[in-house]
Protein chains: 2
Amino acid sequence: MTTAGTDERRTDTRNLIRAVALELFAEQGYEKTSLREIAERLGVTKAAVYYHYRTKEEILSSLLDEHLAGMDAIVEWAEAQPAGRERRQGVIERYSTLLAGMSDDGPQLIRFMQENQTSIKELAAGAEIRSRFERLSVVLVDPGASAADQLRSRLALIALHFGAFALDMLPGAPDERRDAALEVALELGGR
Amino acid sequence: MTTAGTDERRTDTRNLIRAVALELFAEQGYEKTSLREIAERLGVTKAAVYYHYRTKEEILSSLLDEHLAGMDAIVEWAEAQPAGRERRQGVIERYSTLLAGMSDDGPQLIRFMQENQTSIKELAAGAEIRSRFERLSVVLVDPGASAADQLRSRLALIALHFGAFALDMLPGAPDERRDAALEVALELGGR
DNA sequence: GTCTATACTGCGATAGAC
DNA sequence: GTCTATCGCAGTATAGAC
């Protein structure tokens, strides 16, 4: 649960910062994007940004937090199921649905996570996200699975990510790509 | 072929810089790694590093160049073959062999490329690498292939990368992982 | 509560001494 | 071949205007 919601503020600078930051982070990466660049796009100073978010990392955390909650729900469901094919299929289908239901900037966020793993890795919020992926991966691998099967499971999640953000690389409308990605992911991890 | 080789220099600082830089780039990312950090590990100053490489980007370029030549050979071979299953299999097998035959730091370089795509994207050497991947992907997709098949082809290359660098994530000895990755890649792109 | 002005440290990079 | 000195810009931080 975030501090936003029914929160009534006099300006929407806080949300504008999030939107601009996500766009720039996805385009040019986290480290390469400066607070001055974000501030200039909004016509304010660096310090104004610093008022709403105490650090640059906190901006990114607030973006990642949205996705965290969705992943938590899937991990919790999965860990209450018995291991096996049905659980693997359920995880893949639920994760596909989560990606499909994200906000308009969802694809940008997923692309950012996929392409900036090293930047994210050392951040607190990044560690949270990574632990969810780790648990999703564990739940997608039955005990004693081969190296090939473990690889297939991890690729299944990556396939879903590609379907969510690879607008230019793959043909078809967004939901066609999503269906294709789900098909490939199930074939990798749902057998 | 690089400018090194028979090049006899009074110190091996140049090669030491490459080794330390790759290690730090792979661990903490390109942007987060400072020239001062590299210099301090070697007991010299920042400016001494600047004597050997005119920019930070040039250090990274010199690392990526090794892999570029290997990819060029595969792309050239592929573009001289008729499209079809055999060509796809040949590309996957050759790329697997290329990854297996890289130097000791090969895994670090592949991991770096896989996890720092955004950092690399805007660099000159990064654009070169990306164009090779683009051509490899084209050659792995027969005309009129579905979105699912295009996705499978891209995942095949990613599978090989995982097998090359995912030391902690997957079980088994290095060549077992490589064989498992090749198996999955062929099943994705070689049907 | 929202923002500007200002300053501090460390970054990549350059010029020039030795 | 390596150094010192310096530059402009980065993220961070505080004081205070409104």
Side-chain angles (χ1 to χ4, degrees), chain A residues 2-25 27-64 116 118-126, chain B residues 3-4 7-22 24-25 27-64 116 118-126:
Chain A
T2 65
T3 52
T6 56
D7 200 9
E8 282 295 343
R9 281 194 163 79
R10 289 212 280 275
T11 70
D12 56 348
T13 306
R14 198 181 172 85
N15 289 327
L16 290 174
I17 290 172
R18 285 166 51 91
V20 170
L22 176 56
E23 191 179 334
L24 293 176
F25 288 167
E27 266 174 32
Q28 36 183 310
Y30 174 71
E31 332 260 359
K32 250 190 149 179
T33 301
S34 71
L35 293 184
R36 189 179 57 77
E37 199 175 359
I38 297 172
E40 269 177 8
R41 281 223 189 178
L42 298 175
V44 297
T45 64
K46 235 174 23 163
V49 174
Y50 208 78
Y51 165 73
H52 291 285
Y53 295 95
R54 281 180 312 187
T55 63
K56 184 181 175 186
E57 177 173 345
E58 205 178 281
I59 303 176
L60 180 54
S61 292
S62 85
L63 292 168
L64 293 176
N116 293 267
T118 304
S119 298
I120 289 178
K121 183 167 45 183
E122 313 222 325
L123 275 39
Chain B
T3 51
D7 202 9
E8 281 295 340
R9 281 195 161 79
R10 289 210 281 276
T11 70
D12 56 348
T13 306
R14 198 181 172 86
N15 289 326
L16 289 174
I17 291 171
R18 285 166 52 91
V20 170
L22 175 56
L24 294 175
F25 288 168
E27 266 173 32
Q28 38 185 307
Y30 173 71
E31 332 261 359
K32 250 189 149 181
T33 301
S34 71
L35 294 184
R36 188 179 58 75
E37 201 175 357
I38 297 172
E40 269 177 8
R41 281 223 191 179
L42 298 175
V44 297
T45 65
K46 234 175 22 165
V49 174
Y50 265 99
Y51 167 75
H52 293 284
Y53 295 95
R54 281 180 312 187
T55 64
K56 184 182 176 185
E57 178 174 345
E58 205 179 283
I59 303 176
L60 179 55
S61 293
S62 85
L63 292 168
L64 294 176
N116 293 267
T118 304
S119 297
I120 289 179
K121 183 167 47 186
E122 313 223 322
L123 275 39

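Every chain is numbered from 1 and lettered A, B, ... according to where its sequence line falls, protein lines coming before strand lines. Treat the numbers as computed from the prediction; the structure is a model and nothing was measured. Note: hydrogens, waters and symmetry copies are ignored here, and every other heavy atom, side chains too, is used.
B:Phe25 CZ to B:Leu63 CG: the interatomic distance, rounded to the nearest 0.5 Å, is 7.0 Å. Taken to the nearest 0.5 Å, the CG atom of B:Leu35 stands 5.5 Å off from the CD1 atom of B:Ile59.
The interatomic distance linking B:Glu58 (CD) with C:dA13 (C1') rounds to 13 Å, in whole Å. Between the P atom of D:dT12 and the OH atom of A:Tyr51 lies a distance of 18 Å, rounded to the nearest Å. C:dG12 atom C1' lies 15 Å from atom CD of A:Glu31, rounded to whole Å. Following rounding to the nearest Å, B:Lys32 (NZ) and C:dC11 (C1') show an atom-to-atom distance of 14 Å. A straight line from CG of A:Leu123 to P of D:dG11 spans 13 Å, rounded to a whole angstrom. Whole-Å rounding puts the A:Tyr53 OH to C:dT2 P distance at 12 Å. At whole-Å resolution of the value, CG in B:Leu24 and C1' in C:dC11 are 15 Å apart. Going from atom CG of A:Leu42 over to atom P of C:dT4 covers 11 Å, rounded to whole Å.
When the side-chain nitrogen and oxygen atoms of A:Thr55 are compared with OP1 and OP2 of D:dT12, none of them lie within a distance under 4.0 Å. Taking side-chain N and O atoms only, A:Thr45 has a distance below 4.0 Å to OP1 or OP2 of C:dT4. B:Thr13 has a side-chain polar atom (N or O) that falls below the 4.0 Å cut-off from OP1 or OP2 of D:dT2. Contact between the side-chain N/O atoms of A:His52 and the OP1/OP2 oxygens of C:dC3 is found at a separation under 4.0 Å.
Two residues, A:Ala47 and A:Arg36, neighbour DNA chain D, and the one matched to the more 5' nucleotide by heavy-atom proximity is A:Arg36.
Panel note: side chain B:Lys56, backbone B:Thr33; a donor-acceptor pair is recorded below 3.5 Å.
Nearest heavy-atom pair, A:Glu31 versus A:Ser119, reported as atom, atom and distance to 0.1 Å: OE2-OG, 3.3 Å.
A salt bridge is absent between A:Glu37 and A:Arg41; no separation between the charged side-chain nitrogens and carboxylate oxygens falls under 4.0 Å.
Taking only distance into account, the side chain of A:Lys56 never meets the base of D:dT12 through a donor-acceptor pair shorter than 3.5 Å.
Counting only heavy atoms from C-beta on, A:Lys46 has its side chain closest to C:dA7 among C:dA7, C:dT2, C:dA13. In this structure, the nucleotide among C:dC3, D:dA13, D:dT2 sitting nearest to the side chain of A:Tyr50 is D:dA13.
Backbone-only contact: A:Ser34 has heavy atoms under 4.0 Å from sugar-phosphate atoms and none from a base.
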